[in-house]
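In what follows, residues are counted from 1 in the order of the sequence shown.
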Amino acid sequence: MHSPTSSPLDGPSSSFTTSSKRKPPSASSTHSRQQSQFVEPDLKRARLESGNSSRMNKVMGKRPEIVDLTNPKPPSAFQPHKGAKKLVIKNLRTTSRTNELEKYYNATRQELTDALQAIFEQKQPRQPLERLYRGVEDLCRHGASKELYETLRGQCDTYLNYHLHRAIVAEAGASNIDLLRSTYKHWVIWNAQSTTIRSIFSYLDRSFLLSSKEFQQINDLAITLFRRIIFGNSSARLNLGVKTLVGMCELVDYDRKADSRFDPALLRDSITMLHVLNIYTKSFEPHFLRASRKYYEEFAEEQSSASLKSYISSCEKLLAREDYRCNAYNFDSTTKRQLMDDAHMILIFKYSSKLLDRYSIRKLLDENALESMKALYDLLRLSGMQKKLKEPWEAYIKYAGSAIVNDTSRGDEMVVRLLEFRRSLDLMIRDAFSRDDEFTYSMRQAFGSFINDKKVLSSWSTGTSKVGEMIARYIDILLRGGLKTIPKILLSDVKDRIDAERSGQAATGDEDAELDRQLDQAVELFRFIEGKDVFEAFYKQDLARRLLMGRSASADAERSMLAKLKNECGSNFTHNLEQMFKDQQIARDEIASYKTWCEGNGHAKSSLDLSVNILSAAAWPTYPDTQLSLPDDIATQIERFEAYYVNKHTGRRLTWKHSLAHCVVKARFNKGPKELLVSAYQAVVLSLFNQIEGKPDGFLAYQQIADTTGLSGGDLDRTLQSLACGKIRVLMKHPKGRDVNSTDTFTVNKAFTDPKYRVKINQIQLKETKQENQDTHERVAQDRQFECQAAIVRIMKSRKTMTHANLVAEVINQTKSRGAIEPAEIKKNIEKLIEKDYLEREEGAYTYLA
C-alpha cells in the first residue's frame, strides 16, 4: 500500500499495484484497524527521513520543499473496480551527488590551507573565520579529523622550521641578549598566530584531539613545535637555546651590578615564556643557579676584605635584591628557595668566622651600630646560626663591663655608666635581636661574672665589693634628687611606655612611675652582686642621712625601694632599715609629747624651736662622738629634754650626735635679713660673731674659734671653709684663699646678698672622707668573719661531724648571699673555732664539741 507521507527522494519514478478484490463488509472494520496500526510507523519514518533531508541540504544544496505530483488534481488512487494505477513523480533528480561532495571537501581543504598561509604571513585570511570553522567541522564530520590534524601539524612545522627560525637568527644580533630579545619577539608573534589557529580548529580540538591519547591538542602542539626549533636536539638549535638562557642570566647579572643595560620587562616576559614552554625547571633553573653560585662566591671574596659592618650591609642589600627579583620577575618558588639557600651557604655559612669575629663584633657594639647588629642577627638566623652570636656577645659584655668597674679614675660614674651600658644592651636585644630570651640570659650571666670578678677587689683595694657601694650611692642620688639627676639616655622611650602599658604597669611618662622604673634598673644591678652586705652598710648610712636631714625627694619612693629590697633579699635584710623608719615616727610622737609636757609644767616658751630624733643604736649606723660647746640657750633646752626623757623611760641613756644636727639661723645683713640653713657646727661658729658685733676690729682668729667651739682639725677646717670659701660666703677670710690656715682671721660679710630669703649653705662636713669609706669596708669584712664563724658553728651543730671539703662547700653556700668568702678565710675561721674549743679535728674530719 502506498503511503502518502513517503519522501519523493527515496528513488526513481516507479508504479505500484493494489488488489481490487472486494472484501466482505464485516472486514471493513478490521481493515480500518490494520491501517491505523501502520500509519504510526510511516509517520516516524517520515520524520526521520525529513531530518536526514535537512542535514543533507546543508551539503547538497537546497531542494524544493513541495513536489507537485499531480496537475491537475488526480482522483483518488484507490479505485477498486479499475485495478492498479501508475504513480509518476516529476522533476525527480536521478544523478548522484558524491562528486559534488568531494569537490566541496577539497575546496574546504584548500581554503584552510590558504588561511594558514595567510596567518603565517601575519595577514587576515580571505574567508571569514566562522566559515573556516564550519569547514573544519564538516571535514571532521566527514571522518577526515586525523588527516586534517596531520595537515595542520605539517604546515606549522614547516613554517616554524623554515621561516620563523630563520627570522629569529636573522634578527638575533651579536649578543646573547639580542638573541633573547629576538626569540621573545617571535614567540609573541607565534603565540598570536597559534591563538588564531586554535580558534579556527577548535572543533577539531574538542571532537577529536581532546579524547585522543596519540595526538596533542593544538595549544600543546604549538608550544612543542616552538620549543623544538629553539631548544631542539640538533647542535645548532641546542646552541641557540643555550645562548637564549645565557642571555637571561646576563640580564640578571646586569641587574645585580646595577648596569643600565638591564631590561626588566624582557626578563619578566622571558621567564613567563620559559614557564609556558615548560623548559624553566629542566633547562633554565640549573643554569641560572650555577651562574648565581659563581657570582655569590666572587661577591663574598671581594667583600670579605672590607670591615664587618660593610660586609653585613652588602650581604643584606644583596639578599634583599635577590628576594625582590624572584618575586617581581616571576621566578619559581623552588628557584627562590634554592637561590636563597645557596646565598646563605656561601655568604653566611662559609664566612661565619668573619661574621662571628669577636673583635669586629666588639667594634660594632662599641659604636652601638644597632642596624648592623640587627642585619647580622637576621643573616645568621637565615642559616640557623644566630645562637652562635651569643659567645662573642657575652665576651663583649664581660670586656666592656670589666673596663667600667675597674676604672678607678671614674668611680663616681660607675653605676651610671653600667646602667647606660645595660640600657644599650637592652635596646640591642629589643630592636636588633627580636627580644631573644637567650641573649637576655647571656647578658645576665656576663654581668654577674664581671661584677663579682676578683680583679675588681684588687683594683680598688677595698677587700669587699666596690660595685655594691656605688649602687647604694646611686640609689641615694635618685632618692634625694629624683629624675633631674638621671641622664637622658636612661629615660624611657616610646617603646618602653607601650610595653609598660601592655603589661598593666603605670605609663612611664608619669614622673613617679619613671622614678620607680629607674629604681628597678638599679635593683637589677644589685641582684648581680654576691656581696650584698657592702650594699647594706652603705645604703643604711645614706638612708640615715636622708631621714635625718629631710633630704628624701619622695616618701613613696623610699617605701617602694624598701619593698623592692625586702622582696629581693628577705625581711632579715631590711629589718634594721624598717626600724629606722619606725624610729622617725616614734621621734615625732616623742617631741609632740615633750612640748605638751613643757606647757604643762609652766616652762616659758622659748624662741628656740627644738626638735630631737631619738635613734635605736642597733638599727642606725655608728657615728663618732664629738665635743662641741653649744650656746647657753641651746644647752639649756637639751638638758631639759634629756631630763624629761630619762624620767619617762627608765634605764635609757641618750648620746647626743651633734655632727648630724642642723638648724635655721636668722642673720641680718646690709641688704636685709636672711635665714641660713646650716649644720650645728656652722651655727655654733656663726653665733660667735654675735659677741663681737659693734667692735671696731670685729674679727675672730682661727684659734679663738677653735677654743670657743671645741672644734679642731678637719671638722673646724671644713666648717670655716664652707662659710668663707664656698659659693655662698657669709664670712670673709683674711687673707683670701681657698684653704683655711691656723693664722687666718674671719669677719662677717655684711655685704652678703642672695635672691632667696632662705639660703642653704653647703654642709661640707657631712661628706664622707676616704678614711671613713675605708673604715666601712673594713667593718663589713670583719662582720663577714663573724658571719662565717657563726655559719660554721651552725652547720657543725646540726651535722656533728664533717670533712673539710664538705664543710667549706656548705659554708660558702650559706654565706654567698651576704658576701663571697675565700676558702682560705674559711680555713682560718675553722682554726679559730678549734682554738676556742668549738670544734676538734679527728682523722681528717671536724667534730662539733657541745
Side-chain angles (χ1 to χ4, degrees), residues 358 361-362 365-366 387 389-408 411 413-430 433 435-460 462-475 490 517-539 564-570 573 777 780-781 784 787 808-823 825:
R358 288 190 177 188
I361 292 176
R362 180 190 302 175
L365 292 171
D366 278 336
K387 304 303 180 187
L389 187 59
K390 289 195 302 180
E391 185 179 347
W393 162 258
E394 195 169 339
Y396 165 74
I397 296 174
K398 291 179 181 179
Y399 164 79
S402 297
I404 293 173
V405 298
N406 287 305
D407 187 357
T408 56
E413 304 173 15
M414 178 192 294
V415 178
V416 173
R417 292 173 66 193
L418 283 176
L419 289 173
E420 290 176 352
F421 181 52
R422 171 69 185 269
R423 174 68 174 167
S424 67
L425 297 177
D426 286 337
L427 293 177
M428 192 71 68
I429 293 173
R430 186 190 72 184
F433 298 157
R435 304 179 188 270
D436 194 326
D437 291 337
E438 295 198 22
F439 285 87
T440 303
Y441 178 76
S442 295
M443 178 185 67
R444 290 173 178 168
Q445 292 290 103
F447 262 80
S449 175
F450 74 75
I451 283 179
N452 298 293
D453 192 354
K454 301 302 180 185
K455 294 180 181 178
V456 179
L457 304 181
S458 60
S459 298
W460 291 93
T462 57
T464 54
S465 175
K466 187 67 176 179
V467 182
E469 174 196 343
M470 301 315 297
I471 292 176
R473 298 288 191 229
Y474 175 75
I475 294 176
L490 297 179
R517 179 182 173 277
Q518 296 301 325
L519 292 174
D520 284 335
Q521 296 294 328
V523 171
E524 279 284 334
L525 288 182
F526 167 71
R527 188 175 291 127
F528 298 126
I529 300 173
E530 292 180 356
K532 291 181 171 56
D533 50 357
V534 178
F535 172 87
E536 180 187 10
F538 283 95
Y539 184 82
K564 294 178 191 298
L565 292 175
K566 187 174 183 179
N567 184 59
E568 187 70 29
C569 303
F573 186 85
H777 280 283
V780 170
R784 282 187 185 178
E787 290 176 3
V808 169
E810 189 66 25
V811 170
I812 291 175
N813 185 51
Q814 289 196 13
T815 59
K816 64 181 180 181
S817 61
R818 299 285 298 169
I821 303 178
E822 293 295 326
E825 294 293 327

> Should the pair Phe535 and Phe573 be assigned to parallel (<30°), tilted (30 to 60°) or perpendicular (>60°) ring geometry?
parallel

> Go through the steps for Leu389 and Phe433 under the test side-chain contact (heavy atoms from CB on, under 4.5 Å), then give the verdict.
CA-CA 10 Å; Leu389 187 59; Phe433 298 157; 3.8 Å; yes

> Quick one: does Phe526's side chain get under 4.5 Å of Ile475's, heavy atoms only?
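Side chain of Phe526 against side chain of Ile475, heavy atoms only: no contact under 4.5 Å found.
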
> Measuring from Ile471:CD1 to Phe538:CZ, what's the distance to the nearest 0.5 Å?
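It comes to 12.5 Å.
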
> Quick one: CD1 on Ile451 to CE on Met414, what's the gap to the nearest 0.5 Å?
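Answer rounded to 0.5 Å: 9.5 Å.
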
> Is the count of non-hydrogen atoms from other residues, nucleotides or ligands lying under 6.0 Å from Tyr399 atom OH greater than 12?
no

> What do the steps show when you test Met428 against Trp393 for side-chain contact (heavy atoms from CB on, under 4.5 Å), and what is the final call?
CA-CA 11 Å; Met428 192 71 68; Trp393 162 258; 3.9 Å; yes

> Minimum heavy-atom separation for Ile397 and Met443, please, with both atom names.
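Minimum heavy-atom contact is CD1-CA, 3.7 Å.
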
> Measure the CG-CD distance between Asn452 and Glu530 for me, rounded to the nearest 0.5 Å.
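Rounded to the nearest 0.5 Å, the CG-CD separation comes to 4.0 Å.
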
> First locate atom OH of Tyr441, then atom CD1 of Ile429, and finally report the distance between them rounded to the nearest 0.5 Å.
13.5 Å

> Give me the atom names and distance for the closest heavy-atom approach of Phe528 to Arg444.
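Looking at all heavy atoms of both residues, the shortest contact is CE2-O, 3.6 Å.
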
> In the structure I gave you, are the side-chain heavy atoms of Leu419 and Glu524 within less than 4.5 Å of one another anywhere?
no

> Does Glu391 CD have over 12 foreign heavy atoms under 6.0 Å away?
no

> Is Lys566 atom NZ crowded by more than 12 heavy atoms from other residues, nucleotides or ligands, each under 6.0 Å away?
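Atom NZ in Lys566 is not packed in, count stays at 12 or less.
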
> So does Glu420 pair up with Arg423, basic N to acidic O under 4.0 Å?
no

> Without swapping roles, check the side chain of Ser449 against the backbone of Gln445 for a donor-acceptor pair under 3.5 Å.
no

> Atom CG of Asp436 and atom NZ of Lys387: how far apart are they, to the nearest 0.5 Å?
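If I round to the nearest 0.5 Å, the distance is 4.0 Å.
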
> Give the intermediate values and the outcome of ring-ring contact (aromatic ring centres under 6.0 Å, His included) for residues Phe450 and Phe447.
CA-CA 6 Å; Phe450 74 75; Phe447 262 80; 5.0 Å; yes

> With a 4.5 Å cut-off on side-chain heavy atoms, are Gln521 and Leu525 touching?
no

> Does a side-chain heavy-atom distance below 4.5 Å link Met470 with Leu418?
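They are not in side-chain contact.
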
> Once rounded to the nearest 0.5 Å, what's the spacing between atom OG of Ser442 and atom CG of Leu425?
11.5 Å

> To check you understand the geometry: which heavy-atom pair defines the closest contact between Ile529 and Gly468, and what is its length?
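Where Ile529 meets Gly468 most closely, the heavy atoms are CD1-CA, 3.5 Å.
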
> Looking at Glu469 and Lys466, does any basic side-chain N land under 4.0 Å from a carboxylate oxygen?
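Here Glu469 pairs with Lys466 in a salt bridge, since their nearest N and O are under 4.0 Å apart.
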
> Are Arg422 and Asp426 within salt-bridge range, i.e. N to O under 4.0 Å?
yes

